[in-house]
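Atoms considered below: every heavy atom in the structure, side chains included; atoms not considered: hydrogens, waters and symmetry mates. Proteins get letters first, then strands, A, B, ... in listed order; numbering begins at 1 in each.
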There are 4 protein chains.
Amino acid sequence: MGAVKTKRMPRAVREQQMLDAAVRIFAQRGYTAASMDDIAELAGVSKPLVYLYLNSKEDLFSAVIRREAGALTAAVRAAVHPERTADRRLWDGLLAFFTHTARHPDAWTVLHLHARTHGEPFAAEVAAMRAETVAFVTQLVAAAARDEGAPCSGGTGSGDTRRVRLAEQEVAGIAEALVGAAESLAAWANSAGRVTARQTAATLMNVAWTGLGGLVAGRSWSPPAE
Amino acid sequence: MGAVKTKRMPRAVREQQMLDAAVRIFAQRGYTAASMDDIAELAGVSKPLVYLYLNSKEDLFSAVIRREAGALTAAVRAAVHPERTADRRLWDGLLAFFTHTARHPDAWTVLHLHARTHGEPFAAEVAAMRAETVAFVTQLVAAAARDEGAPCSGGTGSGDTRRVRLAEQEVAGIAEALVGAAESLAAWANSAGRVTARQTAATLMNVAWTGLGGLVAGRSWSPPAE
Amino acid sequence: MGAVKTKRMPRAVREQQMLDAAVRIFAQRGYTAASMDDIAELAGVSKPLVYLYLNSKEDLFSAVIRREAGALTAAVRAAVHPERTADRRLWDGLLAFFTHTARHPDAWTVLHLHARTHGEPFAAEVAAMRAETVAFVTQLVAAAARDEGAPCSGGTGSGDTRRVRLAEQEVAGIAEALVGAAESLAAWANSAGRVTARQTAATLMNVAWTGLGGLVAGRSWSPPAE
Amino acid sequence: MGAVKTKRMPRAVREQQMLDAAVRIFAQRGYTAASMDDIAELAGVSKPLVYLYLNSKEDLFSAVIRREAGALTAAVRAAVHPERTADRRLWDGLLAFFTHTARHPDAWTVLHLHARTHGEPFAAEVAAMRAETVAFVTQLVAAAARDEGAPCSGGTGSGDTRRVRLAEQEVAGIAEALVGAAESLAAWANSAGRVTARQTAATLMNVAWTGLGGLVAGRSWSPPAE
DNA sequence: TATGAATGAGCGTTCATTCAT
DNA sequence: TATGAATGAACGCTCATTCAT
């Protein structure tokens with residue numbers, strides 16, 4: 001499983017090998033229990049080289065988080081096109097998110113499970129990624145309130161003047177709930193196996209967009225053809 | 001912050017003090033990074049006494065998880081009355097859940113963040129608690145499909161025969177999403193401060209029951225008077 | 001295996017129970033690895049009581065050694081009658097020795113294996129016992145030189161004037177060799193099982209009295225009828 | 001007494017230094033009471049280096065036993081020439097044995113006193129060495145019975161048909177007695193000081209070959225000229 | 001006579017980190 | 001660019017021993 005012991009590689013390549021190894025080890029053991037020995041061995045290099053390139057265990061962990069958070073963020077960003085409707089953008093983002101986390105389960109484990117477990121240096125890194133995600137969702141909710149129009153004719157009998165009454169403060173909570181649901185589902189899909197990213201995204205889209213009340217009442221949301 | 005150094009207490013009392021200290025330390029540092037020295041010091045006793053009563057770090061962590069998981073489960077169970085409607089039961093459960101996690105933030109951090117990070121001995125403990133929760137939610141969804149009747153007259157134009165079409169498999173995903181959202185919200189409410197359990201519960205109830213689409217369309221769910 | 005937990009026993013009895021337990025534990029684990037907890041538990045008393053009666057681990061070990069060394073010495077002394085011939089006295093002593101060690105294997109293990117392993121407090125205790133044994137054997141050798149007379153007519157051709165030429169210094173070595181052989185044989189007989197004390201004594205008597213050279217030449221020594 | 005603190009030595013050299021230190025400490029204190037700190041300090045290195053090279057206390061002890069048992073066995077084997085007579089081979093073996101144990105008293109203390117005190121991992125190592133020794137002696141006894149011929153004409157009056165009547169079972173006891181005597185004598189010679197290996201070997205040869213009875217009757221065995 | 005409660009000191013082991021080459 | 005040699009500091013755990021009753 002360890003990288004083939006090739007000598008005299010350019011620094012950039014060696015660094016990526018180390019980060020690859022670090023992601024695996026950190027995911028399997030967690031930050032504290034992971035040892036620099038294990039990482040160096042899996043990377044196929046000596047320990048001093050790891051320190052030469054990455055300085056310390058903290059820095060190494062930070063580098064891992066930055067790289068993986070960046071990759072995940074980029075994948076989602078690339079999938080969302082601003083000219084589409086709000087629900088379509090939400091769908092595209094979720095699909096990209098679940099696809100990426102399914103393809104990089106170790107990375108997701110580190111970001112979701114381990115990075116938040118430890119003091120300031122790392123929490124900040126992850127918080128930044130999360131903040132972007134929450135901003136993205138918040139923006140979607142606002143956009144949805146603009147785009148979408150007609151309330152359900154029945155409703156609570158209050159007519160269309162009610163819409164867009166989402167208090168600023170509540171939006172944060174809603175976004176947090178959505179992101180939390182997505183995060184949990186990503187870990188669940190990875191560990192349960194046998195669930196595709198599309199299915200996971202559709203499930204979340206249904207409960208998030210239509211709501212439990214709507215679902216049991218027969219409403220549902222359908223993903224675009226492909 | 002450490003407990004007052006009182007001497008010669010009966011075993012049962014000392015044990016609870018130790019568990020209290022352990023919850024704090026485990027929450028702040030995580031299982032691996034927490035040290036038995038720190039726990040003993042915070043509990044106001046010497047390390048050997050911790051070992052005499054709790055046997056090992058693993059056993060101590062297990063005891064913490066069992067105690068806290070039991071307390072949380074009990075709080076939720078006590079709040080839910082089976083003769084009420086599905087949405088009312090969901091509300092009651094959520095409110096009890098967020099109230100308890102707000103009152104015991106360290107316990108929730110341990111259960112949510114740290115306990116799942118480590119191998120079989122602990123994961124099983126937490127998995128049991130989570131399984132009960134998921135079963136509770138699943139049951140609610142099914143009950144909702146029975147209780148509630150009339151679909152939104154407009155809807156997607158498909159009439160009332162559509163309801164109850166939730167595939168068995170999808171229910172697992174929905175429950176997971178809900179539980180995940182609740183878990184994340186609990187941590188968020190704790191860290192953000194300034195958000196009451198009622199508000200958190202209402203937020204989740206809205207997004208979960210009414211859905212984002214419904215919310216922007218003006219529908220919303222209102223908590224019972226008291 | 002532990003003594004039945006009877007309360008309020010006279011001190012002398014309790015002390016013997018503790019020594020009994022200590023002999024077993026010390027024999028099984030050795031002095032350093034044996035724990036006062038184990039000994040107290042096997043004795044069926046609390047640890048402070050052991051300290052109340054025996055003061056410390058060192059004192060406890062000393063007490064064990066003194067008791068067991070005394071018992072062994074007494075058994076041998078009782079078996080040897082000064083009015084008998086030298087070889088008969090040697091035989092009686094050996095038989096008593098092997099009989100006692102076979103009946104108290106744990107005691108012998110402590111005396112032979114563990115007591116000599118540790119610094120001055122204990123070595124002295126055992127050395128005293130050993131000194132008595134060596135003196136006893138030395139005396140026998142001297143007595144034999146007086147009692148017994150005729151040299152083997154062949155010999156190295158040197159006639160009977162040669163006898164009693166055992167240098168003082170050599171006698172110590174001879175006694176040491178005999179005692180060492182006996183000690184090893186005792187442990188061997190205990191661990192091998194299935195060898196009676198009589199057989200063991202006869203074996204040693206043969207090799208010690210007749211010598212290997214004599215044995216292969218057809219000489220041998222026969223134990224008294226019973 | 002500790003090795004001079006020389007830095008940056010090749011691994012093989014450091015390992016031998018560690019084993020040297022371990023032999024001394026184990027001999028002085030016994031396995032359980034010896035501490036890795038003491039060994040590391042005497043070896044002139046830090047404790048982690050000892051673990052890096054020798055893995056654990058058990059492994060270190062095993063390595064010590066293997067090295068010292070091998071050296072002793074080799075020394076004896078090199079001294080014994082199969083074409084010589086039985087008594088000469090016995091003499092050569094004993095002389096080599098006492099010479100080696102006199103030169104390496106700590107090693108002998110570990111092998112004789114401490115290694116047999118502890119459970120399977122170590123006992124096996126020593127048992128192998130001892131088994132070889134016993135086999136060697138057994139073979140000598142058998143060879144002696146072949147080589148040597150004429151019984152002492154007097155004897156116990158039983159004629160020459162008596163020889164070679166050593167029961168298989170008894171040979172094991174005789175070998176054990178001889179080996180035990182030798183082992184004890186080695187420790188005794190070391191602790192008493194002032195006794196040469198030649199003297200010790202001669203003493204044992206006399207009592208073992210000629211027998212106490214023979215000795216007091218004027219017979220004796222003389223070592224070869226040089 | 002007897003014990004539940006408690007601890008200072010130490011041990012085997014591991015880890016992040018550095019030095020010298 | 002790359003590594004073999006080496007360590008200070010800490011951690012989980014245990015033990016002989018005492019205090020208060």
Side-chain angles (χ1 to χ4, degrees), chain A residues 5 7-11 13-14 32-40 44-60, chain B residues 5-11 13-15 32-40 44-60, chain C residues 5 7-11 13-14 32-40 44-60, chain D residues 5-11 13-15 32-40 44-60:
Chain A
K5 200 157 190 172
K7 302 240 163 181
R8 303 272 155 187
M9 322 247 320
R11 170 162 181 158
V13 178
R14 272 275 192 256
T32 315
S35 91
M36 297 296 272
D37 279 276
D38 293 341
I39 293 171
V45 297
S46 71
K47 234 187 322 179
L49 200 60
V50 179
Y51 279 87
L52 189 62
Y53 287 175
L54 277 319
N55 294 320
S56 73
K57 195 186 187 186
E58 281 207 355
D59 284 1
L60 171 57
Chain B
K5 200 154 186 175
T6 322
K7 300 241 164 183
R8 305 272 152 188
M9 325 250 318
R11 170 167 182 157
V13 177
R14 272 278 191 257
E15 260 185 38
T32 317
S35 93
M36 296 297 273
D37 279 282
D38 293 343
I39 292 171
V45 297
S46 68
K47 218 179 355 171
L49 201 61
V50 179
Y51 278 90
L52 191 61
Y53 287 172
L54 277 320
N55 296 319
S56 72
K57 197 186 186 186
E58 281 209 356
D59 283 3
L60 172 56
Chain C
K5 200 157 189 171
K7 302 240 165 184
R8 304 272 153 189
M9 323 247 318
R11 170 161 182 159
V13 178
R14 273 275 192 256
T32 316
S35 90
M36 296 296 274
D37 280 276
D38 293 342
I39 293 170
V45 298
S46 70
K47 233 185 326 176
L49 200 60
V50 179
Y51 278 88
L52 189 63
Y53 286 175
L54 278 319
N55 294 320
S56 72
K57 196 186 185 185
E58 282 208 355
D59 284 1
L60 172 55
Chain D
K5 201 157 188 174
T6 321
K7 299 240 164 183
R8 307 268 153 190
M9 325 250 316
R11 170 166 181 158
V13 177
R14 271 278 191 257
E15 261 184 38
T32 317
S35 93
M36 295 297 272
D37 279 282
D38 293 343
I39 293 171
V45 298
S46 69
K47 219 178 358 168
L49 201 61
V50 179
Y51 278 89
L52 191 61
Y53 289 171
L54 277 320
N55 295 319
S56 72
K57 198 185 187 185
E58 281 209 355
D59 282 4
L60 172 56

Sugar-phosphate only, base, or nothing, as touched by A:Ala40 at under 4.0 Å among non-hydrogen atoms: nothing

Touch class at under 4.0 angstrom, heavy-atom based, for B:Arg11 against every strand present: sugar-phosphate

Rounded interatomic separation in angstrom, taking [atom1] from [X] and [atom2] from [N]:
| X | N | atom1 | atom2 | result |
| --- | --- | --- | --- | --- |
| D:Tyr53 | F:dA6 | OH | C1' | 8 Å |
| D:Ile39 | E:dG12 | CD1 | P | 8 Å |
| C:Leu52 | E:dT3 | CG | P | 11 Å |
| D:Glu58 | E:dC11 | CD | C1' | 15 Å |
| C:Lys57 | F:dT18 | NZ | P | 14 Å |
| C:Leu54 | E:dA2 | CG | C1' | 15 Å |
| A:Leu49 | F:dG4 | CG | C1' | 14 Å |
| B:Asp37 | E:dT7 | CG | C1' | 13 Å |

B:Met36 or C:Pro48, whichever maps to the more 5' nucleotide of DNA chain F: B:Met36

Quiz item: A:Lys47 side-chain donor-acceptor pair to E:dT17 base, under 3.5 Å: yes

Heavy-atom donor-acceptor pair, B:Arg8 side-chain to F:dA20 base, under 3.5 Å: no

side-chain N/O C:Tyr51 vs E:dA2 OP1/OP2, d < 4.0 Å: no

Side-chain N or O of B:Arg14 closer than 4.0 Å to phosphate OP1/OP2 of E:dG4: no

Distance, nearest 0.5 Å, that separates CD of D:Glu15 from CE of D:Met9: 12.0 Å

Euclidean distance, A:Met36 CE relative to A:Ile39 CD1, rounded to 0.5 Å: 6.0 Å

C:Ser46 or A:Asp38, whichever maps to the more 5' nucleotide of DNA chain E: C:Ser46

Closest-nucleotide 5' rank along DNA chain E - winner of D:Thr32 and A:Ala33: D:Thr32

Nucleotide of F:dT3, E:dA16, E:dA2 approaching A:Ser35 most closely (side-chain heavy atoms): E:dA16

Candidate nucleotides F:dC11, F:dT7, F:dT3, ranked by approach to the side chain of D:Val45 - the nearest: F:dT7

Taking every non-hydrogen atom, the tightest pair across B:Ala33 and A:Thr32: CB-OG1, 3.7 Å

Dot-bracket line, read 5' to 3' along DNA chain F, where crossing pairs take [ ] and | marks a partner on another strand, Watson-Crick or G-U under 3.5 Å: .||||||||||||||||||||

Less than 3.5 Å apart, which donor and acceptor atoms pair up between the side chains of residues 45-54 of chain A and the rest of the protein, not counting sequence neighbours?
| unit_1 | atom_1 | unit_2 | atom_2 | d |
| --- | --- | --- | --- | --- |
| A:Lys47 | NZ | A:Asp37 | OD1 | 3.3 |
| A:Lys47 | NZ | A:Asp37 | OD2 | 3.2 |

